[in-house]
Amino acid sequence: MKNNQALQSLICGLKDGGLDLVTNFPGGQSYFVFNELGGSQISMNERVAFECAVGGSLAGRRSVVTLKGAGLNACADVFLHSVLSGVNAGLVVVLFDDIEAQSSPERQDSRPYIDVFGGLWLEPTSIGEAYGFGRDAFRWSEDLDVPVVIRITNQLLQLVGEFDRLPILKNKMLLMHNRDKYISHWKRRNDNLKVKNVKIKEFIEDYYKDYNFSFGSEVGIIKVGNCQREVEKYRGTHADELVVSTYPLPEKLIYNFAKGRKKLIVLEQGVNYAETKIRSLLNNKQEFVGDTGDECDNSKEWPVFVEWEKMFLALKSISPDFVVGDEGTFTDESTKTIEFCLSMGASVGVALCLSMAGVRYPFAVVGDASFAFSGKQTLDEVIHRKKNIGIIILDNGGAKSVGGMPIIGDIYDVGKMAKKVLNYNQTSLEQFQNLFKTMKEGNKSSILYVQKK
(Lines give C-alpha, C1' and ligand atoms only; values in the text may rest on other atoms or scores of the structure.)
Protein backbone atom coordinates (compact mmCIF):
# COMPACT_ATOMS: atom_id res chain seq x y z
CA MET A 1 0.00 0.00 0.00
CA LYS A 2 2.94 2.35 0.54
CA ASN A 3 3.35 2.69 -3.23
CA ASN A 4 -0.30 3.41 -3.95
CA GLN A 5 0.05 6.47 -6.12
CA ALA A 6 -3.55 7.66 -5.86
CA LEU A 7 -3.60 7.66 -2.07
CA GLN A 8 -0.12 9.17 -1.91
CA SER A 9 -1.27 12.02 -4.16
CA LEU A 10 -4.31 12.63 -1.95
CA ILE A 11 -2.14 12.53 1.17
CA CYS A 12 0.30 15.04 -0.32
CA GLY A 13 -2.63 17.25 -1.33
CA LEU A 14 -4.02 17.27 2.20
CA LYS A 15 -0.61 18.11 3.62
CA ASP A 16 -0.12 20.91 1.10
CA GLY A 17 -3.64 22.14 1.83
CA GLY A 18 -2.58 23.08 5.34
CA LEU A 19 -3.54 19.99 7.36
CA ASP A 20 -3.27 20.49 11.12
CA LEU A 21 -5.10 17.53 12.70
CA VAL A 22 -6.18 14.03 11.62
CA THR A 23 -8.46 11.50 13.37
CA ASN A 24 -9.52 7.96 12.51
CA PHE A 25 -11.18 4.72 13.43
CA PRO A 26 -9.79 1.98 11.14
CA GLY A 27 -11.66 0.53 8.20
CA GLY A 28 -10.51 -0.32 4.69
CA GLN A 29 -7.58 1.92 3.73
CA SER A 30 -8.60 4.71 6.12
CA TYR A 31 -5.91 3.80 8.63
CA PHE A 32 -3.18 3.95 5.96
CA VAL A 33 -4.11 7.55 5.14
CA PHE A 34 -4.36 8.40 8.84
CA ASN A 35 -0.92 6.94 9.51
CA GLU A 36 0.70 8.64 6.52
CA LEU A 37 -0.78 11.97 7.65
CA GLY A 38 0.97 11.60 10.99
CA GLY A 39 -1.86 10.15 13.06
CA SER A 40 -0.72 8.24 16.12
CA GLN A 41 -3.79 7.14 18.12
CA ILE A 42 -7.09 5.93 16.72
CA SER A 43 -10.32 7.02 18.39
CA MET A 44 -12.67 4.73 20.32
CA ASN A 45 -15.11 4.67 17.39
CA GLU A 46 -16.01 6.70 14.30
CA ARG A 47 -18.38 8.99 16.17
CA VAL A 48 -15.65 10.07 18.58
CA ALA A 49 -13.22 10.48 15.67
CA PHE A 50 -15.67 12.77 13.88
CA GLU A 51 -16.46 14.75 17.03
CA CYS A 52 -12.72 15.31 17.57
CA ALA A 53 -12.32 16.57 14.00
CA VAL A 54 -15.21 19.00 14.51
CA GLY A 55 -13.52 20.26 17.67
CA GLY A 56 -10.31 20.76 15.72
CA SER A 57 -12.21 22.79 13.14
CA LEU A 58 -13.75 25.01 15.84
CA ALA A 59 -10.27 25.55 17.30
CA GLY A 60 -9.12 26.91 13.95
CA ARG A 61 -7.21 23.82 12.87
CA ARG A 62 -7.74 22.33 9.42
CA SER A 63 -8.89 18.80 10.25
CA VAL A 64 -9.34 15.47 8.48
CA VAL A 65 -11.25 12.40 9.62
CA THR A 66 -10.66 9.17 7.68
CA LEU A 67 -13.43 6.55 7.64
CA LYS A 68 -14.78 3.53 5.81
CA GLY A 69 -18.30 3.77 4.37
CA ALA A 70 -19.78 1.69 7.17
CA GLY A 71 -18.03 4.01 9.61
CA LEU A 72 -20.02 6.95 8.27
CA ASN A 73 -23.12 5.12 9.49
CA ALA A 74 -21.63 5.02 12.98
CA CYS A 75 -21.15 8.80 13.05
CA ALA A 76 -24.04 9.80 10.78
CA ASP A 77 -25.77 11.91 13.42
CA VAL A 78 -22.68 14.06 14.02
CA PHE A 79 -21.79 14.21 10.32
CA LEU A 80 -25.23 15.34 9.16
CA HIS A 81 -25.53 17.96 11.86
CA SER A 82 -22.08 19.31 11.00
CA VAL A 83 -23.41 20.02 7.49
CA LEU A 84 -26.29 21.89 9.08
CA SER A 85 -24.29 23.85 11.67
CA GLY A 86 -21.23 24.52 9.52
CA VAL A 87 -17.50 24.66 10.23
CA ASN A 88 -14.76 27.09 11.16
CA ALA A 89 -11.41 25.87 9.80
CA GLY A 90 -11.73 23.41 6.91
CA LEU A 91 -13.10 19.98 7.79
CA VAL A 92 -12.52 17.13 5.33
CA VAL A 93 -13.89 13.59 5.44
CA VAL A 94 -11.84 11.02 3.51
CA LEU A 95 -14.39 8.27 2.97
CA PHE A 96 -13.59 4.79 1.62
CA ASP A 97 -16.64 3.25 -0.02
CA ASP A 98 -15.57 -0.38 -0.38
CA ILE A 99 -17.79 -1.07 -3.40
CA GLU A 100 -16.04 -4.34 -4.19
CA ALA A 101 -16.44 -5.56 -0.58
CA GLN A 102 -12.76 -6.41 -0.28
CA SER A 103 -12.67 -5.68 3.45
CA SER A 104 -16.37 -5.30 4.17
CA PRO A 105 -19.36 -7.61 4.68
CA GLU A 106 -21.54 -5.48 2.41
CA ARG A 107 -21.37 -3.33 -0.72
CA GLN A 108 -22.30 0.10 0.64
CA ASP A 109 -22.71 3.28 -1.36
CA SER A 110 -22.70 6.27 0.99
CA ARG A 111 -23.84 8.90 -1.53
CA PRO A 112 -27.54 8.85 -0.49
CA TYR A 113 -26.40 10.77 2.62
CA ILE A 114 -26.06 13.76 0.28
CA ASP A 115 -29.84 13.84 -0.10
CA VAL A 116 -30.43 14.57 3.60
CA PHE A 117 -28.81 18.02 3.98
CA GLY A 118 -26.78 18.41 0.77
CA GLY A 119 -23.19 19.57 1.04
CA LEU A 120 -20.17 19.06 -1.20
CA TRP A 121 -18.76 15.63 -2.08
CA LEU A 122 -15.76 15.04 -4.34
CA GLU A 123 -14.79 11.85 -6.15
CA PRO A 124 -11.37 12.22 -7.83
CA THR A 125 -11.01 10.55 -11.21
CA SER A 126 -7.24 10.88 -11.68
CA ILE A 127 -3.99 11.09 -9.74
CA GLY A 128 -3.77 14.81 -10.36
CA GLU A 129 -7.35 15.43 -9.31
CA ALA A 130 -6.83 13.45 -6.10
CA TYR A 131 -3.97 15.79 -5.25
CA GLY A 132 -5.93 18.89 -6.23
CA PHE A 133 -9.02 17.91 -4.29
CA GLY A 134 -6.91 17.17 -1.21
CA ARG A 135 -5.15 20.52 -1.43
CA ASP A 136 -8.25 22.62 -2.11
CA ALA A 137 -10.82 20.83 0.06
CA PHE A 138 -9.99 22.74 3.25
CA ARG A 139 -10.38 26.08 1.52
CA TRP A 140 -13.63 25.02 -0.13
CA SER A 141 -14.92 23.78 3.22
CA GLU A 142 -14.24 27.18 4.76
CA ASP A 143 -15.72 29.12 1.84
CA LEU A 144 -18.89 27.00 1.65
CA ASP A 145 -19.23 26.42 5.41
CA VAL A 146 -19.67 22.64 5.19
CA PRO A 147 -17.49 19.58 5.78
CA VAL A 148 -16.20 18.36 2.40
CA VAL A 149 -16.31 14.63 1.69
CA ILE A 150 -13.69 13.05 -0.59
CA ARG A 151 -15.13 9.70 -1.68
CA ILE A 152 -12.64 6.95 -2.54
CA THR A 153 -13.73 3.76 -4.32
CA ASN A 154 -11.71 0.66 -5.09
CA GLN A 155 -10.78 1.56 -8.66
CA LEU A 156 -9.10 4.81 -7.65
CA LEU A 157 -6.57 2.73 -5.74
CA GLN A 158 -5.50 1.10 -9.01
CA LEU A 159 -4.65 4.34 -10.82
CA VAL A 160 -1.06 5.21 -11.69
CA GLY A 161 0.35 8.52 -12.79
CA GLU A 162 2.16 11.63 -11.70
CA PHE A 163 1.24 14.91 -10.09
CA ASP A 164 2.97 18.20 -9.45
CA ARG A 165 3.07 19.55 -5.93
CA LEU A 166 2.19 23.16 -5.27
CA PRO A 167 3.09 25.51 -2.41
CA ILE A 168 1.49 24.78 0.95
CA LEU A 169 -1.65 26.78 1.62
CA LYS A 170 -1.44 28.63 4.90
CA ASN A 171 -4.23 28.25 7.45
CA LYS A 172 -5.42 31.64 8.68
CA MET A 173 -8.35 30.45 10.79
CA LEU A 174 -8.49 31.08 14.55
CA LEU A 175 -10.56 29.73 17.42
CA MET A 176 -14.22 30.38 16.57
CA HIS A 177 -16.53 32.03 19.10
CA ASN A 178 -19.85 32.47 17.29
CA ARG A 179 -22.77 31.36 19.42
CA ASP A 180 -25.32 32.91 17.06
CA LYS A 181 -24.09 30.69 14.24
CA TYR A 182 -23.92 27.39 16.06
CA ILE A 183 -26.83 27.74 18.49
CA SER A 184 -29.94 29.05 16.80
CA HIS A 185 -33.56 28.20 16.04
CA TRP A 186 -34.00 25.30 13.61
CA LYS A 187 -35.67 27.54 11.00
CA ARG A 188 -32.74 29.92 10.93
CA ARG A 189 -30.32 27.03 10.56
CA ASN A 190 -32.49 25.50 7.85
CA ASP A 191 -32.63 28.83 5.97
CA ASN A 192 -28.83 29.09 6.26
CA LEU A 193 -28.50 25.57 4.87
CA LYS A 194 -30.61 26.48 1.82
CA VAL A 195 -28.36 29.45 1.15
CA LYS A 196 -25.24 27.27 1.50
CA ASN A 197 -26.56 24.65 -0.90
CA VAL A 198 -27.38 27.30 -3.50
CA LYS A 199 -23.82 28.56 -3.12
CA ILE A 200 -22.50 25.01 -3.50
CA LYS A 201 -24.46 24.52 -6.74
CA GLU A 202 -23.02 27.77 -8.08
CA PHE A 203 -19.55 26.59 -7.06
CA ILE A 204 -20.09 23.30 -8.94
CA GLU A 205 -21.18 25.00 -12.14
CA ASP A 206 -18.18 27.33 -11.93
CA TYR A 207 -15.83 24.39 -11.37
CA TYR A 208 -16.79 22.97 -14.78
CA LYS A 209 -17.04 26.30 -16.65
CA ASP A 210 -14.03 25.53 -18.87
CA TYR A 211 -14.98 21.89 -19.53
CA ASN A 212 -15.17 21.19 -23.26
CA PHE A 213 -16.83 18.04 -24.58
CA SER A 214 -17.17 16.82 -28.14
CA PHE A 215 -20.38 16.06 -30.02
CA GLY A 216 -19.59 13.52 -32.69
CA SER A 217 -22.02 10.80 -31.68
CA GLU A 218 -25.65 10.32 -30.71
CA VAL A 219 -24.38 8.21 -27.79
CA GLY A 220 -22.89 9.82 -24.69
CA ILE A 221 -21.04 8.18 -21.81
CA ILE A 222 -21.20 9.98 -18.47
CA LYS A 223 -18.49 8.62 -16.21
CA VAL A 224 -19.02 9.52 -12.55
CA GLY A 225 -15.96 8.80 -10.46
CA ASN A 226 -13.56 5.94 -11.21
CA CYS A 227 -15.02 3.44 -13.66
CA GLN A 228 -12.02 2.17 -15.63
CA ARG A 229 -13.31 -1.40 -15.97
CA GLU A 230 -16.77 -0.24 -16.96
CA VAL A 231 -15.34 2.09 -19.61
CA GLU A 232 -13.58 -0.92 -21.13
CA LYS A 233 -16.95 -2.67 -21.57
CA TYR A 234 -18.04 0.11 -23.90
CA ARG A 235 -14.67 0.72 -25.54
CA GLY A 236 -16.00 -0.31 -28.96
CA THR A 237 -19.00 2.00 -28.70
CA HIS A 238 -18.77 5.16 -30.78
CA ALA A 239 -19.59 7.66 -28.07
CA ASP A 240 -18.55 10.97 -26.58
CA GLU A 241 -17.49 11.03 -22.94
CA LEU A 242 -18.17 13.32 -20.01
CA VAL A 243 -16.24 12.86 -16.75
CA VAL A 244 -17.86 14.05 -13.51
CA SER A 245 -16.15 14.11 -10.12
CA THR A 246 -18.40 16.20 -7.87
CA TYR A 247 -21.71 16.05 -6.03
CA PRO A 248 -24.06 17.77 -6.52
CA LEU A 249 -23.80 16.82 -10.17
CA PRO A 250 -23.17 19.71 -12.60
CA GLU A 251 -26.72 19.93 -13.96
CA LYS A 252 -26.10 22.55 -16.67
CA LEU A 253 -23.08 20.67 -18.02
CA ILE A 254 -24.92 17.34 -18.06
CA TYR A 255 -28.00 18.88 -19.67
CA ASN A 256 -25.91 20.44 -22.46
CA PHE A 257 -23.92 17.22 -22.95
CA ALA A 258 -27.12 15.16 -23.25
CA LYS A 259 -28.94 17.57 -25.57
CA GLY A 260 -29.59 15.95 -28.96
CA ARG A 261 -28.29 12.51 -28.03
CA LYS A 262 -30.44 9.41 -28.37
CA LYS A 263 -28.66 7.30 -25.76
CA LEU A 264 -26.81 7.93 -22.52
CA ILE A 265 -24.61 5.43 -20.69
CA VAL A 266 -24.07 6.36 -17.03
CA LEU A 267 -21.14 4.68 -15.30
CA GLU A 268 -20.64 4.87 -11.53
CA GLN A 269 -19.62 2.80 -8.51
CA GLY A 270 -22.21 1.52 -6.02
CA VAL A 271 -25.90 2.01 -6.65
CA ASN A 272 -27.53 3.90 -9.53
CA TYR A 273 -27.38 7.17 -7.60
CA ALA A 274 -26.10 9.42 -10.39
CA GLU A 275 -28.20 7.70 -13.05
CA THR A 276 -31.38 8.39 -11.05
CA LYS A 277 -30.43 12.07 -10.66
CA ILE A 278 -29.65 12.40 -14.38
CA ARG A 279 -32.87 10.67 -15.42
CA SER A 280 -34.83 13.10 -13.28
CA LEU A 281 -32.94 16.06 -14.73
CA LEU A 282 -33.58 15.02 -18.34
CA ASN A 283 -37.11 13.67 -17.83
CA ASN A 284 -36.18 10.38 -19.56
CA LYS A 285 -35.88 12.01 -22.98
CA GLN A 286 -33.07 9.63 -23.92
CA GLU A 287 -32.52 5.90 -23.79
CA PHE A 288 -30.55 5.10 -20.64
CA VAL A 289 -28.05 2.39 -19.81
CA GLY A 290 -26.72 2.29 -16.26
CA ASP A 291 -23.67 0.40 -15.00
CA THR A 292 -22.86 0.53 -11.29
CA GLY A 293 -19.69 -1.54 -11.36
CA ASP A 294 -18.91 -5.18 -10.88
CA GLU A 295 -20.39 -6.94 -7.88
CA CYS A 296 -17.30 -8.96 -7.09
CA ASP A 297 -17.84 -12.43 -5.67
CA ASN A 298 -15.36 -12.85 -2.84
CA SER A 299 -17.22 -15.74 -1.24
CA LYS A 300 -14.60 -18.30 -2.21
CA GLU A 301 -11.85 -16.09 -0.82
CA TRP A 302 -13.53 -15.41 2.54
CA PRO A 303 -11.30 -16.93 5.23
CA VAL A 304 -12.84 -19.39 7.68
CA PHE A 305 -11.52 -18.43 11.09
CA VAL A 306 -9.89 -21.21 13.15
CA GLU A 307 -7.81 -19.30 15.69
CA TRP A 308 -10.32 -19.72 18.58
CA GLU A 309 -11.71 -23.06 17.42
CA LYS A 310 -11.27 -24.89 20.75
CA MET A 311 -13.29 -22.28 22.58
CA PHE A 312 -16.06 -22.23 19.96
CA LEU A 313 -16.26 -26.04 19.99
CA ALA A 314 -16.71 -25.96 23.76
CA LEU A 315 -19.41 -23.29 23.52
CA LYS A 316 -21.29 -25.21 20.84
CA SER A 317 -21.13 -28.45 22.83
CA ILE A 318 -23.26 -27.08 25.69
CA SER A 319 -26.15 -26.29 23.30
CA PRO A 320 -26.32 -22.54 24.05
CA ASP A 321 -29.72 -20.88 23.82
CA PHE A 322 -28.41 -18.40 21.26
CA VAL A 323 -24.97 -17.06 20.22
CA VAL A 324 -24.56 -13.55 18.81
CA GLY A 325 -21.36 -12.21 17.28
CA ASP A 326 -20.07 -9.06 15.60
CA GLU A 327 -18.96 -8.46 12.04
CA GLY A 328 -15.25 -9.15 12.30
CA THR A 329 -12.39 -11.48 11.56
CA PHE A 330 -13.81 -14.30 13.69
CA THR A 331 -17.46 -14.14 12.58
CA ASP A 332 -17.28 -16.91 9.99
CA GLU A 333 -15.51 -19.31 12.32
CA SER A 334 -15.00 -22.98 11.53
CA THR A 335 -17.46 -24.46 14.06
CA LYS A 336 -20.42 -22.33 12.87
CA THR A 337 -21.34 -21.58 16.49
CA ILE A 338 -22.22 -17.90 15.95
CA GLU A 339 -25.81 -17.69 14.73
CA PHE A 340 -26.20 -13.96 14.06
CA CYS A 341 -24.07 -10.87 13.57
CA LEU A 342 -25.09 -7.27 12.95
CA SER A 343 -22.25 -4.78 13.12
CA MET A 344 -19.17 -3.93 15.13
CA GLY A 345 -19.94 -3.93 18.86
CA ALA A 346 -23.64 -4.78 18.45
CA SER A 347 -23.52 -8.29 19.92
CA VAL A 348 -23.91 -7.19 23.56
CA GLY A 349 -27.00 -5.10 22.82
CA VAL A 350 -28.56 -7.80 20.63
CA ALA A 351 -27.95 -10.43 23.32
CA LEU A 352 -29.57 -8.12 25.88
CA CYS A 353 -32.71 -7.79 23.79
CA LEU A 354 -32.79 -11.55 23.17
CA SER A 355 -32.92 -11.93 26.95
CA MET A 356 -35.65 -9.28 27.19
CA ALA A 357 -37.62 -11.21 24.55
CA GLY A 358 -37.50 -14.45 26.55
CA VAL A 359 -34.34 -16.26 25.44
CA ARG A 360 -33.07 -17.72 28.72
CA TYR A 361 -29.31 -17.18 28.49
CA PRO A 362 -27.86 -15.83 25.21
CA PHE A 363 -24.11 -15.51 24.68
CA ALA A 364 -22.42 -12.53 23.02
CA VAL A 365 -18.98 -13.13 21.47
CA VAL A 366 -17.10 -9.88 20.89
CA GLY A 367 -13.54 -8.84 20.08
CA ASP A 368 -11.70 -6.43 22.34
CA ALA A 369 -11.84 -3.51 19.86
CA SER A 370 -15.55 -4.07 19.20
CA PHE A 371 -16.26 -4.22 22.93
CA ALA A 372 -14.48 -0.89 23.44
CA PHE A 373 -16.18 0.50 20.32
CA SER A 374 -19.73 0.18 21.67
CA GLY A 375 -20.29 -3.08 23.56
CA LYS A 376 -18.98 -1.75 26.87
CA GLN A 377 -21.43 1.13 27.02
CA THR A 378 -24.32 -1.37 26.92
CA LEU A 379 -23.31 -2.98 30.22
CA ASP A 380 -25.09 -0.35 32.33
CA GLU A 381 -28.32 -1.20 30.56
CA VAL A 382 -27.78 -4.93 31.07
CA ILE A 383 -27.41 -4.31 34.80
CA HIS A 384 -30.26 -1.79 35.01
CA ARG A 385 -32.70 -4.10 33.23
CA LYS A 386 -31.58 -7.03 35.40
CA LYS A 387 -31.21 -9.33 32.41
CA ASN A 388 -28.79 -12.23 32.21
CA ILE A 389 -26.39 -12.79 29.35
CA GLY A 390 -22.94 -14.31 28.92
CA ILE A 391 -20.31 -12.12 27.30
CA ILE A 392 -17.14 -13.64 25.85
CA ILE A 393 -14.46 -11.08 25.03
CA LEU A 394 -11.66 -12.24 22.74
CA ASP A 395 -8.66 -10.23 23.87
CA ASN A 396 -6.60 -9.86 20.70
CA GLY A 397 -4.30 -7.30 22.28
CA GLY A 398 -5.74 -4.66 19.96
CA ALA A 399 -7.83 -4.32 16.82
CA LYS A 400 -6.83 -7.56 15.09
CA SER A 401 -8.40 -6.72 11.72
CA VAL A 402 -6.01 -3.77 11.37
CA GLY A 403 -2.91 -5.49 12.66
CA GLY A 404 -3.38 -5.18 16.39
CA MET A 405 -3.76 -1.40 16.58
CA PRO A 406 -3.95 -0.43 20.30
CA ILE A 407 -7.40 0.57 21.51
CA ILE A 408 -8.45 3.29 23.91
CA GLY A 409 -9.90 2.46 27.29
CA ASP A 410 -9.71 -0.38 29.78
CA ILE A 411 -11.93 -3.24 28.62
CA TYR A 412 -11.45 -4.91 32.00
CA ASP A 413 -13.02 -2.04 33.93
CA VAL A 414 -16.63 -3.28 33.99
CA GLY A 415 -17.74 -2.20 37.44
CA LYS A 416 -19.76 -4.75 39.41
CA MET A 417 -20.19 -7.17 36.49
CA ALA A 418 -18.82 -10.62 37.37
CA LYS A 419 -15.77 -11.47 35.28
CA LYS A 420 -13.16 -14.19 34.78
CA VAL A 421 -9.92 -14.18 32.79
CA LEU A 422 -8.48 -17.24 31.02
CA ASN A 423 -5.43 -17.91 28.91
CA TYR A 424 -6.59 -19.68 25.75
CA ASN A 425 -3.47 -21.79 25.32
CA GLN A 426 -3.53 -22.96 28.94
CA THR A 427 -7.22 -23.89 28.98
CA SER A 428 -8.40 -27.29 27.74
CA LEU A 429 -11.53 -28.04 25.76
CA GLU A 430 -13.06 -29.68 28.81
CA GLN A 431 -12.28 -26.67 31.01
CA PHE A 432 -13.98 -24.36 28.51
CA GLN A 433 -16.98 -26.68 28.40
CA ASN A 434 -17.32 -26.73 32.18
CA LEU A 435 -17.04 -22.96 32.39
CA PHE A 436 -19.67 -22.31 29.71
CA LYS A 437 -21.98 -24.86 31.30
CA THR A 438 -21.58 -23.11 34.67
CA MET A 439 -22.37 -19.72 33.10
CA LYS A 440 -25.46 -21.08 31.38
CA GLU A 441 -26.80 -22.99 34.39
CA GLY A 442 -26.01 -20.17 36.81
CA ASN A 443 -28.03 -17.79 34.63
CA LYS A 444 -26.25 -14.65 35.85
CA SER A 445 -24.72 -11.95 33.67
CA SER A 446 -20.97 -12.39 33.55
CA ILE A 447 -17.98 -11.72 31.35
CA LEU A 448 -15.29 -14.17 30.29
CA TYR A 449 -12.05 -12.71 28.93
CA VAL A 450 -10.08 -15.10 26.74
CA GLN A 451 -6.49 -14.00 26.24
CA LYS A 452 -3.76 -15.23 23.92
CA LYS A 453 -0.54 -14.18 25.58
Quick test of your reading of the model: are [X] and [Y] salt-bridged, counting only N-O distances below 4.0 Å?
X      : Y      : value
Lys68  : Glu46  : no
Arg229 : Glu100 : yes
Asp97  : Arg151 : yes
Asp145 : Lys181 : yes
Asp115 : Lys277 : yes
Asp77  : Arg47  : yes
Arg188 : Asp191 : no
Lys452 : Glu307 : yes
Glu381 : Lys387 : no

Can you check whether [X] reaches [Y] side chain to side chain, under 4.5 Å on heavy atoms?
X      : Y      : result
Leu249 : Tyr247 : yes
Asn24  : Leu67  : no
Leu7   : Leu157 : yes
Leu10  : Ile152 : yes
Lys223 : Val244 : no
Arg62  : Leu19  : no
Phe436 : Leu448 : yes
Ile383 : Met417 : yes

Main-chain N/O of [Y] paired to [X] side chain as donor or acceptor, under 3.5 Å:
X      : Y      : answer
Asn171 : Gly18  : no
Ser63  : Val22  : no
Lys376 : Asp410 : yes
Arg111 : Val271 : yes
Ser370 : Gly367 : no
Lys196 : Gly118 : no
Lys419 : Tyr412 : yes
Tyr182 : Gly86  : no
Ser141 : Leu91  : yes
Tyr131 : Leu166 : yes

Would the number of heavy atoms belonging to other residues, nucleotides or ligands and lying under 6.0 Å from CD of Glu162 be above 12?
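No, because the 6.0 Å sphere around CD of Glu162 holds 12 heavy atoms or fewer from other groups.
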Other residues, nucleotides and ligands only: do more than 12 of their heavy atoms fall within 6.0 Å of NZ on Lys437?
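No, not enclosed.
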For residues [X] and [Y], is any side-chain donor paired with an opposing acceptor at under 3.5 Å?
X      : Y      : value
Thr125 : Glu123 : no
Glu129 : Ser245 : yes
Tyr424 : Asp395 : no
Gln431 : Gln426 : no
Asn154 : Gln269 : no

With Leu120, the side-chain contact (heavy atoms from CB on, under 4.5 Å) member among Asn197, Val149, Ile150, Val148
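Only match with Leu120 under side-chain contact (heavy atoms from CB on, under 4.5 Å): Val148.
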Tell me whether the centres of the aromatic rings in Phe34 and Phe32 are closer together than 6.0 Å.
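That pair fails the under 6.0 Å test.
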Does the ring center of Phe25 lie less than 6.0 Å from the ring center of Phe373?
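Ring centroids of Phe25 and Phe373 are less than 6.0 Å from each other.
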For a quick test of reading the model, state the closest non-hydrogen atom pair linking [X] to [Y] and the distance between them.
X      : Y      : answer
Ala49  : Thr23  : O-OG1, 2.8 Å
Phe138 : Gly17  : CD1-O, 3.4 Å
Pro112 : Asp109 : CD-O, 3.3 Å
Met311 : Val450 : SD-CG2, 3.9 Å
Arg189 : His81  : NH2-O, 4.4 Å
Tyr361 : Lys444 : OH-O, 2.9 Å

Could you check whether Lys420 makes a cation-pi contact with Tyr449, meaning its NZ or CZ is under 6.0 Å from the centre of the six-membered ring and within 45° of the ring axis?
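The answer is no; the distance or angle limit is not met.
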Go through the steps to decide whether Val306 and Glu333 satisfy the test side chain to side chain contact (heavy atoms under 4.5 Å, CB included), and finish with yes or no.
CA-CA 6 Å; Val306 297; Glu333 43 80 28; over 6 Å; no
With rounding to the nearest 0.5 Å, note down the distance linking [atom1] in [X] to [atom2] in [Y].
X      : Y      : atom1 : atom2 : answer
Asp326 : Leu394 : CG    : CG    : 9.5 Å
Phe133 : Ser126 : CZ    : OG    : 8.0 Å
Met173 : Leu58  : CE    : CG    : 10.5 Å
Asn4   : Leu159 : CG    : CG    : 8.5 Å
Leu84  : Phe79  : CG    : CZ    : 12.0 Å
Ser347 : Phe340 : OG    : CZ    : 10.5 Å

Take Lys15 and Leu37, measure what side chain to side chain contact (heavy atoms under 4.5 Å, CB included) needs, and give me the verdict at the end.
CA-CA 7 Å; Lys15 289 180 178 178; Leu37 289 176; 3.9 Å; yes
Walk me through whether Phe312 and Ser334 qualify under side chain to side chain contact (heavy atoms under 4.5 Å, CB included).
CA-CA 9 Å; Phe312 280 116; Ser334 57; over 6 Å; no
Evaluate the criterion side-chain hydrogen bond (donor to acceptor under 3.5 Å, both in side chains) for residue pair Glu268 and Thr292; output intermediate values, then yes/no.
CA-CA 5 Å; Glu268 56 189 314; Thr292 58; over 6 Å; no
Take Ile391 and Val348, measure what side chain to side chain contact (heavy atoms under 4.5 Å, CB included) needs, and give me the verdict at the end.
CA-CA 7 Å; Ile391 302 171; Val348 180; 4.0 Å; yes
